[in-house]
Amino acid sequence: MTWTPHDYDDIPGTYVFNGKHAHGAYPLNKLLFSFNSEENRKEFDRDPAAYCDKYGVTGKYKDLVLKRDFLGMLRAGANIYYMAKMAIPRGTSVQDAGAQFQGISTREFQEKLLAKGEGLQARLAKRGGYWNG
Amino acid sequence: MAKIIGGVTSSHIPAVGNAITNGLTQEPYWKRFFDGYEPAKAWLRAQKPDVVIVVYNDHGLNFFLDKVPTFALGCADVYHNDDEGWALKPVPPFKGNAQFSWHIAESLMSQDFDICTCQEMKVDHGFVNPLLALYGQCDVWPVTTIPLAVNTVQHPVPTARRCLALGHALRRAVESYPEDMRVVVLGTGGMSHQLQGERAGLIDVEFDLECMDKIANDPQWLTQFSNAELMRRAGTEGIETIMWLVMRGALQSNVKVVHKHYHAPISNTGAGVLVLENYS
């Protein structure tokens with residue numbers, strides 16, 4: 001039995017959410033999905049380990065959840081949107097998580113983002129037809 | 001007969017909803033982004049569509065990973081927003097039109113699009129935020145909506161080519177409905193961004209601008225790319241831009257470009273607004 005390789009596998013720093021991830025991390029993503037409910041969020045916060053057991057999140061997956069190791073969870077197959085349901089209400093924004101993935105501060109991450117927009121209006125003007133370009 | 005009068009595109013990132021809800025739209029960070037919506041809002045006010053078909057992806061509110069439909073159409077008279085886990089306040093419900101939806105489902109099926117029909121469908125920020133940006137906060141939404149969800153979350157996801165073809169079929173579906181109705185198709189998501197992994201923070205302005213121009217004038221161009229190529233260039237979450245092709249395919253081959261607005265970065269994303277109008 002083998003997982004079919006994909007032509008996106010070599011994109012660096014990227015964990016495309018496909019069948020391999022969705023299959024292996026199914027209980028983990030089910031736990032993350034459960035955080036749509038306020039009641040479940042509270043139950044998790046009261047006893048994270050017991051909550052993992054309830055969802056069948058065991059072994060390395062459980063360790064990653066308890067450590068709040070978001071990069072580790074991602075590599076293990078957590079879906080980024082589902083992981084946001086755990087991270088954001090506990091004070092880790094998507095930008096904080098992005099910074100963590102790169103081992104830099106959130107401020108540095110935000111500065112890197114802002115740099116992408118440098119000279120934007122001139123670039124739009126060159127293309128033509130843009131509002132405020 | 002029902003008629004598609006045009007198409008609009010919009011980012012649907014959560015930060016947009018937060019900025020509107022928290023009254024931040026005129027803050028320096030947000031001002032240029034939101035001001036660029038004004039011509040789109042004015043166009044909607046002037047055109048007065050009866051129905052907006054919203055093409056979006058669900059991020060884990062209505063669908064869990066136990067069942068992931070590639071294309072799913074809302075076939076209900078009402079759609080509710082709900083708690084997505086990060087304390088965004090749910091917005092008032094959206095009015096649907098079940099008869100029209102079922103007609104669209106039947107027509108799409110007869111054109112070989114085997115669509116999933118949903119009589120209950122919670123709509124998440126992917127659906128809500130573009131409507132918030134275009135119509136503002138409302139107690140009662142001023143337009144009837146139909147959700148059309150595309151899986152861009154769990155691969156395999158449909159190709160750009162398939163999304164454009166769905167748009168073509170959607171046009172025939174809408175325009176074969178006997179009731180007089182003015183319809184706008186709203187393509188949401190994108191543009192380039194990656195939230196996950198060490199490559200998080202990717203934005204490719206040049207690729208976004210190329211996509212904006214090509215989607216308006218030569219949408220076929222985007223169908224040359226595989227999803228792997230699109231993710232390599234525009235980021236894993238940037239794949240959402242394929243949903244714009246559903247909107248574009250539903251319009252005439254030549255359209256009037258009423259408005260073109262691009263801003264980057266907004267949150268982690270390159271964001272584009274297009275207003276494209278069919279010639280009558």
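Predicted model only: the values in this text are computed from it and were never measured. By convention in this document, chain letters (A, B, ...) are assigned in the order of the sequence lines, proteins followed by strands, and residues within each chain are numbered from 1.
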With no hydrogens and no angle check, just 3.5 Å: does a side-chain donor-acceptor pair link [X] and [Y]?
| X | Y | value |
| --- | --- | --- |
| H193(B) | N268(B) | no |
| H59(B) | E84(B) | no |
| D96(A) | S93(A) | yes |
| S10(B) | Y37(B) | yes |

For chain A, find which of [options] contributes the most heavy-atom pairs closer than 4.5 angstrom.
| options | result |
| --- | --- |
| K260(B), H155(B), H261(B) | K260(B) |
| G197(B), P156(B), A264(B), P14(B) | G197(B) |
| L202(B), T236(B), I203(B) | I203(B) |
| Q154(B), R32(B), H263(B) | R32(B) |

Checking [X] against chain A: side chain, backbone, both or neither under 4.5 Å from a heavy atom?
| X | value |
| --- | --- |
| H259(B) | side chain |
| F63(B) | backbone |
| D35(B) | both |
| L61(B) | both |
| E229(B) | neither |
| V153(B) | both |

Find the distance between [atom1] ([X]) and [atom2] ([Y]) and round it off to the nearest 0.5 Å.
| X | Y | atom1 | atom2 | answer |
| --- | --- | --- | --- | --- |
| L132(B) | T21(B) | CG | OG1 | 6.0 Å |
| L148(B) | F71(B) | CG | CZ | 8.0 Å |
| T241(B) | D208(B) | OG1 | CG | 6.5 Å |
| Q194(B) | T269(B) | CD | OG1 | 11.5 Å |
| W30(B) | I20(B) | CH2 | CD1 | 8.5 Å |

Between [X] and [Y], is there a donor-acceptor pair closer than 3.5 Å when you use the side chain of the first and the backbone of the second?
| X | Y | result |
| --- | --- | --- |
| Y15(A) | N79(A) | no |
| N29(A) | F64(B) | no |
| N81(B) | V91(B) | yes |
| Q196(B) | I80(A) | no |

Handout entry: Whether F17(A) and H21(A) hold their rings parallel, tilted or perpendicular, with breakpoints at 30° and 60°
Key = parallel
Exercise for the section: Measure the acute angle between the ring planes of H125(B) and W86(B), then classify it against the limits of 30° and 60° as parallel, tilted or perpendicular. Expected result: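 Judged by the thresholds at 30° and 60°, the geometry between H125(B) and W86(B) is tilted.
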Handout entry: Minimal non-hydrogen separation, D124(B) against N57(B), with atom names
Key =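 In terms of heavy atoms, the two residues are closest at OD1-O, 3.7 Å.
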Exercise for the section: For each of L32(A), I11(A), L74(A), I88(A), tally heavy-atom pairs with chain B at distances under 4.5 Å, and name the one with the top tally. Expected result: I11(A)
Practice task
Select, from N18(A), T14(A), V94(A), the one with the greatest count of heavy-atom pairs under 4.5 Å involving chain B.
Solution key: T14(A)
Please flag which part of [X] lies under 4.5 Å from any non-hydrogen atom of chain B: side chain, backbone, both or neither.
| X | result |
| --- | --- |
| R75(A) | side chain |
| F109(A) | side chain |
| A99(A) | neither |
| K20(A) | neither |

Exercise for the section: Output yes when D66(B) and K30(A) qualify as a salt bridge under the 4.0 Å nitrogen-oxygen rule, no when they do not. Expected result: no
Handout entry: Residues from residues 210-218 of chain B approaching chain A under 4.5 Å (heavy atoms)
Key =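 So far as heavy atoms go, E210(B), M212(B), D213(B) are the residues that approach chain A to under 4.5 Å.
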Practice task
Output the residues of residues 111-133 of chain A for which the shortest heavy-atom distance to chain B is under 4.5 Å, in residue-number order; output 'none' if no such residue exists.
Solution key: L113(A), L114(A), K116(A), G117(A), L120(A), Q121(A), R123(A), L124(A), R127(A), G128(A), G129(A), Y130(A), W131(A), N132(A)
Handout entry: Contact listing (chain B partner; residues 36-51 of chain A; heavy atom under 4.5 Å)
Key = N36(A), E38(A), R41(A)
Problem - Beyond-backbone contact of L71(A) with Q100(A), side-chain heavy atoms, under 4.5 angstrom - result: no
Exercise for the section: Please examine the side chains of L28(A) and Y55(A), heavy atoms only from C-beta on, and report whether any two atoms are closer than 4.5 Å. Expected result: no
Handout entry: Over 12 foreign heavy atoms within 6.0 Å of CG, N22(B)
Key =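 Correct, the count exceeds 12.
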Handout entry: Pairs satisfying salt bridge (Lys or Arg N to Asp or Glu O under 4.0 Å), at least one member in residues 6-17 of chain A, at least two apart
Key =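 Sorted result for residues 6-17 of chain A: D10(A)-R232(B).
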